[in-house]
Amino acid sequence: MVLTFIIPVLALLVIGVIALFNTLTGPSEKDITIVGYVDHTGIFTEHTDLGIVKLIAFTSEEEALKGLINQEISEYFIVASDFTNSGNIQRYALTDEFGSSLVTGQMIKDFLTWNLLKEDVPPEIIGLILTPMNPEVTKLEESGEIAEVQGDIGNIIVPSLFSFLLSMAFMFGANSLISGLGEEKESRLIEVLYSSISVRQLLIGKIMALGAAGLLQVVVWLFSAPLILNLATSVLGGFLINIQIPPNFIILGIVYFVLGYLLFAILSVTIGGISPSANDGHNLSMFYIMASYIPLWTIGLMINSPEKPIWVLLSLFPVTAPTQMMLRLAVSDIPLWQTLTSLGILIFTVIAGQYLSIKIFRVYMLMYGKRPGAAEIMRSLRNV
Amino acid sequence: MKTVEVNNIYKAYGDVTAVNDLSFSVKPGEILGLIGPNGAGKSSTNKIILDFMKPDSGQVKIFNQKMDEGLKDKIGYLPEERGLYRRLTAIELILYLASLKGISRGKAEQKADELLIQTGMYENRNKKNKEMSKGMGQLIQFIVTVVHDPELIILDEPFSGLDPVRTESIQSIISHLRDEGKSIILSTHQMNKVEELCNRVLMINHGRTVLYGGVNEIRTKFRKNSIQVDVEGEMGDLPGVIERIPRNGSIELVLEEDVKPQLILDILYDRNLIINRFEITTPSLNEIFLELAGVKRE
């Protein structure tokens, strides 16, 4: 429950701290690089304030050198008198070539270009020459319509984060169920419970109680995500501006969460039922908990070709389907048949799993001390 | 009407027979003592009655019908090994488990408070279970077992680990429940408690019935032709006495089969001895149990 509100609150806190920091400090003097130059041509006089780089003209190389040694400037360059013919620039710095900033180099180029063109070209054209392209790519459907999911790399951030939190929620839910059942088995409270209610009521009660708490968690996360993103965009700007949350993400997010949560809860009560202790149950549960993280581990491979059979397979496999589908949804359109098949398999697994888990739990919940093997469980299922 | 009726139940785990052709019944207002050595099949029998597991053969009827979920609210069960939700307080735990038995919070709270007072646990009402001693925890579990006013109560070793004061308070509640007409199955190793509380006893070993009947009936049945005597002075030779066994300050006189105790009393009286004790020996359930279990008496 703590995690439910901690995640959004933490995100808001981080945004707030960054905003406060920016407000209080503003651009720091230390962040601005002062570069000196000696111009032997007399052309380079304008456009010396380049934001994070400022250029200061020196009348002689000796003065520039003195400024460098006194650390008034971080480097200086010489524009030779035959520059317009040779194009040679000599940069002097106290660091080696690798230490000099690429950004500073680009800024010097912009400064030189600006001054070379200023007599003959209007300033707005010079601006375009310096930054000739600000591409905005729009992904189209085969029909020619604009695709709903634009595949911006930034778009993967929210679904990745959500998938990660989803896997975490599954893990915490599974651990909580196994610990609870372990405690009840070890203390024999399970016998008291079973003398009051049926196995079906016991298991469904446990799954529903935890599922409701988990659902609240995911709903809070999903609905707070757009709000936090908007806030973050206005405060931090940058690449966040281009992030869009896929339109069906919230609905499918809730559906996959509910089904995924039910599946993990059913697996966990089954494991809790056959395990002699909570520790033993936790060890066994690692198999399916880790499996739910596979889509996150392989996200880098999936982004470029989300329609490859392996990713489709992971979208259909019940344990990986919730996280894999959320991630694929962020980078491509998923064919309807895949979504429906994935949901169908998940629903079938949940129903069949619940039926089997009740049977298994009924047989093994009162057995203490040793965990049954797979063959023994199969035998028991045939006899129940 | 019988509350519990068990007919010829049989249960085996692989090659091990846990319950073998067991039959018994419990009536309202009766406490049946279920006794036997470890591994005798007591817990398995309880679990079959509660429908935790099915017998391989035989039948169990509770309230004259096969066990089903609807009957669970009428049953209270205290397992032998006990534990509590450690993070809950005593009253939270009692109310939660009472709610599973379908009784309202108000009624459960009122009954819980009554029982907490009766067991001397009221001051621990709001204490977390993890802060309680083992004995206190056991009392809470006992309260959980009876708070919903069940008709059938199955108690597995309810006195183990309790001090004499708490034992007494639980014993008193059990007696009271019996007087109210509840049916109680009491599994315990404490034979003296069975003698004090139970109307009838079922002794089992290796899953089979060794003894079954009224407590007094069984004790009378196992009575030997002997007397416990404590006199001041020398008794001298006594006709018909086979053996003299010193016991706790008195002497047990084992008599020949056709010799009446009255004859010995008359002789002692005629010899002008001061008689402090003259009692026909009746074996305790413990002695009967040990005898049947093959353990020789001292």
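Every chain is numbered from 1 and lettered A, B, ... according to where its sequence line falls, protein lines coming before strand lines.
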Practice item. Please say whether the positively charged group of B:Lys72, taken as NZ for Lys or CZ for Arg, lies over the ring of B:Tyr77, i.e. under 6.0 angstrom from the six-membered ring centre and within 45 degrees of the axis. Key: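 Judged by the rule (NZ or CZ under 6.0 Å from the ring centre, within 45° of its axis), B:Lys72 is not positioned above B:Tyr77.
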Point to revise | Proximal component of A:Glu184, with respect to chain B [non-hydrogen, under 4.5 Å] | key: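 When you check distances to chain B, only side chain atoms of A:Glu184 fall under 4.5 Å.
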Under 4.5 Å from a heavy atom of chain A, the part of [X] involved:
{"X": "B:Leu71", "answer": "neither"}
{"X": "B:Glu80", "answer": "neither"}
{"X": "B:Lys47", "answer": "side chain"}

Practice item. Check for a donor-acceptor pair, side chain of A:Glu191 on one end and backbone N or O of B:Pro79 on the other, with a separation under 3.5 Å. Key: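 Answer holds: no.
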Review point. So, does B:Asp163 use its side chain to make a donor-acceptor pair with the main chain of B:Arg166 at under 3.5 Å?
Key: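 Here the side-chain-to-backbone pair exists.
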Practice item. Please determine, among B:Leu84, B:Leu78, B:Ile75, the option with the most heavy-atom pairs under 4.5 Å with chain A. Key: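 Of B:Leu84, B:Leu78, B:Ile75, B:Leu84 has the most heavy-atom pairs under 4.5 Å with chain A.
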Practice item. For the residue pair B:Leu177 and B:Ile31, establish whether any side-chain heavy-atom pair is separated by less than 4.5 Å. Key: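 They are not in contact (no side-chain heavy atoms under 4.5 Å apart), so the answer is no.
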Practice item. Salt-bridge test for B:Glu151 and B:Lys182: reply yes if a basic N is under 4.0 Å from a carboxylate O, no otherwise. Key: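 Between B:Lys182 and B:Glu151 there is a salt bridge, with a charged N closer than 4.0 Å to a carboxylate O.
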